[in-house]
Amino acid sequence: MKPYSQKVDQKWQKRWDDAGLYRFREGEEGKKIYLLEMFSYPSGSKLHLGHWWNYSLPDSWGRMKHMQGFNVFHPMGFDAFGLPAENFAIRSGIHPKDSTETNIATMEHQLRQIGCTYDWETELTTCSPEYYKWTQWLFLQLYKHGLAYRKEAPVNWCESCKTVLANEQASGGECERCGNPVIRRSMTQWFFKITDYAQELLDCLPQLDWPEKTKRIQENWIGRSAGAEVAFGVEGKDLQITVFTSRVDTLMGLSYMVLAPESAYAQQVITPEYADACAAYIAESSRKSEIERTGTADDKTGVFTGSWAVHPLTGEKVPIWLADYVIATYGTGAVMAVPAHDERDFAFAAKYSLPIREVIADKKGVSQALPYCEYGSLVNSGKYTGLSTEDGKKAIVADLEKIGMGNEKINYRLRDWSVSRQRYWGAPIPIVYCPDCGAVPVPENDLPVLLPYDVEFRPSGQSPLASHKDFLNCKCPVCGKPATREADTMDTFVCSSWYYLRYPDAHNANEAWSAYKARYFMPVDKYVGGVEHAAMHLLYARFIYKALRDMGYVGGAVTAPEALGANDAENVFDRTLSGGGEPFKSLVHQGVILGTDGYKMSKTRGNTVAPDEYVQKYGSDVFRLYLAFGFSYIDGGPWKDEGLLAIARFFSKFQSAVAAYTEQGDSNSPPIEDKELEYVRHNTIRSVTADIERFQFNTAVARLMELVTAIGKYQRTPGHSQAYLRGVIEDFILLASPFIPHCADEMWEALGHTDFVYRQKWPMPDETKLLPDTIELAVQVNGVLRERVLCNADASNKEIEEAALALPKIEELVNGKTIRKVIVVPKRLVNFVIG
RNA sequence: GCCGCAGUGGCGGAACUGGCAGACGCCCGGGACUUAAAAUCCCGUUCUGGCAACAGAGUACCGGUUCGAUUCCGGUCUGCGGCACCA
């Protein structure tokens, strides 16, 4: 046996490769498990600690599942389209395709050094035409089913760079690149109708085995709000303005109406007399970024439009204002203002001297300081006076419904997903614009719409593709006349919203995936990735999967294809969850490893840890085992070099134990079990199994350390049984192998085995070895620990009680007092309540 | 402002459903082996008092429920995360 080092890594990685050890074999024995970590963006730098952290530990989980007899599918790929490569190209002149390909080659090479169980046969790259062909196909299916549409919408725009910016690039209201102010501008863009699924996305959350935190984030993001829609007439115009309100009970306190400056209503209500003032106001607020607008929350501005709205119940007329404290994209972009019971309306009314009418008092009808925004009872509200807020809402909505001016309404904060990017490095949107036929989808047979290579991608305000004539000019698929292609590309989140469906069928040239594959593999059983994707990627993927279900491409009732064989009845049964339209059954977020200073690792802080140096010095397994042991996987924590050294020490400890065994060899003596060691052995099997299962790797390693200590102790016992020791050492190797796969195979081989550890059966604990004859129980008096008592494992409560009372110390404490109660918790403690 | 999570020794972190707080490891102290050191092995290591047996305190803080609370409930403080002029 060679002492463990990076050479051992290389030896076994090659053997695994040659044997095709980690290739997934469909229909092989065992229930399918789809293990997936969020794929990486191929950046130029080397693998960082986060990659190792994100990938090596779920791999350990998958290794155990495989050894437990599951058929584990564990793919890996690259999320390769996106802005960084394009920005890099602008800076360096290196084409995004070239830099991405180089980066992928490097990263793939480095990923292999971790020694994960990836089935590289199914590797995918989202920027390859074989992949984005199907991203385009997906777009077309959504389009066909009315889930992709075009509309004008406000975007972040930098006047100086002449480009649209993502929200993240416009933070602080300044352009990330040039520092000039970012304004909001309307552009025609493609959207996916995720809002159609808002309620279902919310409703399915409880059934998911996901962190509660993540579910809350999605709930927040979807932002369901129950209320009512109310229609208001406009005096002298054939026009109704609809508002959404969660406080329709305050309708009788209406004092004015407010429209967002960008609201479509605005242009319809502005009277000539006020046109100039309004135009100036609209121009001014369009110049403000959203950040600026929200940043000046206290200072509300607005302008009167000249029009008056009609109260649907009283016929009273109230002025209609424009104000940018109303958001165009939430609700209807129009608000009924009740200053007495809304802080923002109150501030606005105070500034512009608008009337403030109290219509809600507390529950007893006692007037409160305004603005009073709590629930209470209605006052000064005509026939509704005296009703509670709840009853008032119902009564008012009922009356509005009768006259057709209102109804109950659920509103969502979630907006439709904008997928257009005026960028080069993305999947082209497969649409053609014909002067006669309008927007026409590219026929599926003509996919992919290839991304041209020779493109000028310096920002000009338009997609770089718009200036590429060969790409742009085409024939209308319907009438054959000259037409132009859509020059925008798709948001990279579209690529990643369905990649999990492609892995199992990555080489399918005829379809995105076969229905059978989708049924066999979905849902993903364990999905691992950063919490930063909680509101974006994870929501988009759920939406796309549900949309695909409704189109009939995934899920649904399934009968096992005959090819699958009998053992797949269980697999097929499990697919019913995907029938419910959820792609990720169980989700884990890894925590973050911080620098030694406790701060997030960053180059500017200079507190980064480069895995490469450690891996070269110690090998992948030492690094992996330290990651497993040193931190809670869910929480992460600060890096410590000392911890890694401790693990290196642990390596030499168990390697010398194995070496000591092999040097001595098996004597012919019969295997004689050691009771103490048997207990530790089976306790380790039980605990390690349970801990890896729930991603609590640090405690699993702690148990492995205990086992090694016990083995060492036993080995130093004169006359110990080598034949027995062998079994214990083998169990240790099997249990440790998920964390130290290379070293495990090296030791396994040293024991004379010829097959891989990965193909061995995961040990099962022998429960009988975990039942000692005697148990130590805690003895408490009035809940305070006073003594311990040794009892037979099968002692009755009465016997335990008597044994405890016989202890001199307890006897003394209890003596002369009345024992009011005795509590015996089996195998744990006995508590005397005295007084 | 609203929603959620967390706070445990000198340090990283354990404690599954209310049942012996501090597993495992680091650091530190002591011992064995050694001419010596390193390595290794053994022992100790929450705090306070005591030579010790032991006693008392202790899971951010205050209070409650309970025979018993790191765990459940109410309040406070601190840190982190999500949303936010959301009508």
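As a basis for the values below, the full set of heavy atoms in this structure was taken, side chains included, without hydrogen atoms, waters or symmetry mates. Lettering follows sequence order; numbering is per chain, from 1.
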Protein N or O to nucleotides 38-46 of chain B N or O, pairs below 3.5 Å:
{"from": "B:C41", "atom 1": "O3'", "to": "A:R716", "atom 2": "NH2", "distance (Å)": "3.4"}
{"from": "B:C42", "atom 1": "OP1", "to": "A:R716", "atom 2": "NH2", "distance (Å)": "3.4"}

Pick out the pairs of N or O atoms, protein on one side and nucleotides 9-16 of chain B on the other, that lie under 3.5 Å.
{"from": "B:G12", "atom 1": "O2'", "to": "A:G630", "atom 2": "O", "distance (Å)": "2.8"}
{"from": "B:G13", "atom 1": "OP1", "to": "A:G636", "atom 2": "O", "distance (Å)": "3.0"}
{"from": "B:G13", "atom 1": "O3'", "to": "A:N698", "atom 2": "ND2", "distance (Å)": "3.2"}
{"from": "B:A14", "atom 1": "OP1", "to": "A:N698", "atom 2": "ND2", "distance (Å)": "3.3"}
{"from": "B:A14", "atom 1": "O3'", "to": "A:Q696", "atom 2": "NE2", "distance (Å)": "3.4"}
{"from": "B:A15", "atom 1": "OP1", "to": "A:Q696", "atom 2": "NE2", "distance (Å)": "2.6"}
{"from": "B:C16", "atom 1": "N4", "to": "A:R828", "atom 2": "NH2", "distance (Å)": "2.8"}

Taking [M] as the reference, what is the distance to [N] when you measure between their [atom1] atoms (whole Å, please)?
N     : M     : atom1 : answer
B:C85 : B:A21 : C1'   : 48 Å
B:G82 : B:G75 : P     : 25 Å
B:A32 : B:G25 : P     : 23 Å
B:U45 : B:G30 : C1'   : 11 Å
B:G7  : B:G13 : P     : 11 Å
B:G44 : B:A23 : P     : 12 Å

For nucleotides 64-67 of chain B, tabulate all protein N/O to nucleotide N/O atom pairs closer than 3.5 Å, reporting atom names and distance.
{"from": "B:C67", "atom 1": "O2", "to": "A:N831", "atom 2": "ND2", "distance (Å)": "2.3"}

Please tell me whether [X] and [Y] have a donor and an acceptor in their side chains that are separated by less than 3.5 angstrom.
X      : Y      : value
A:W639 : A:D641 : yes
A:D209 : A:S586 : yes
A:Y375 : A:K393 : yes
A:Y4   : A:S652 : no

Identify all side-chain donor-acceptor contacts of residues 223-232 of chain A below 3.5 Å with residues at least two apart in sequence or on another chain.
{"from": "A:R224", "atom 1": "NE", "to": "A:Q199", "atom 2": "OE1", "distance (Å)": "3.0"}

Shortest non-hydrogen separation from A:P738 to A:I692 and the atoms involved: CG-CD1, 4.2 Å
Contiguous Watson-Crick or G-U pair runs (3 or more, under 3.5 Å) in RNA chain B: B:1-7 with B:77-83, B:10-12 with B:24-26, B:28-32 with B:40-44, B:46-49 with B:54-57, B:60-64 with B:72-76
Evaluation steps, side chain to side chain contact (heavy atoms under 4.5 Å, CB included), between A:I634 and A:V588: CA-CA 8 Å; A:I634 310 295; A:V588 175; 3.8 Å; yes
Nucleotide N/O of nucleotides 48-54 of chain B paired with protein N/O under 3.5 Å:
none

A:D416 side chain to A:T195 backbone, donor-acceptor under 3.5 Å: yes
Most 5' of A:E642 and A:V531 on RNA chain B, judged by nearest nucleotide: A:E642
Worked verdict on A:I810 versus A:R786 for side chain to side chain contact (heavy atoms under 4.5 Å, CB included): CA-CA 7 Å; A:I810 299 302; A:R786 293 295 174 184; 3.8 Å; yes
Assigned glycosidic conformation for B:G9 [threshold 90° from 0]: syn
Sugar-phosphate only, base, or nothing, as touched by A:E776 at under 4.0 Å among non-hydrogen atoms: base
Sugar-phosphate, base or nothing in reach of A:L829, heavy atoms under 4.0 Å: base
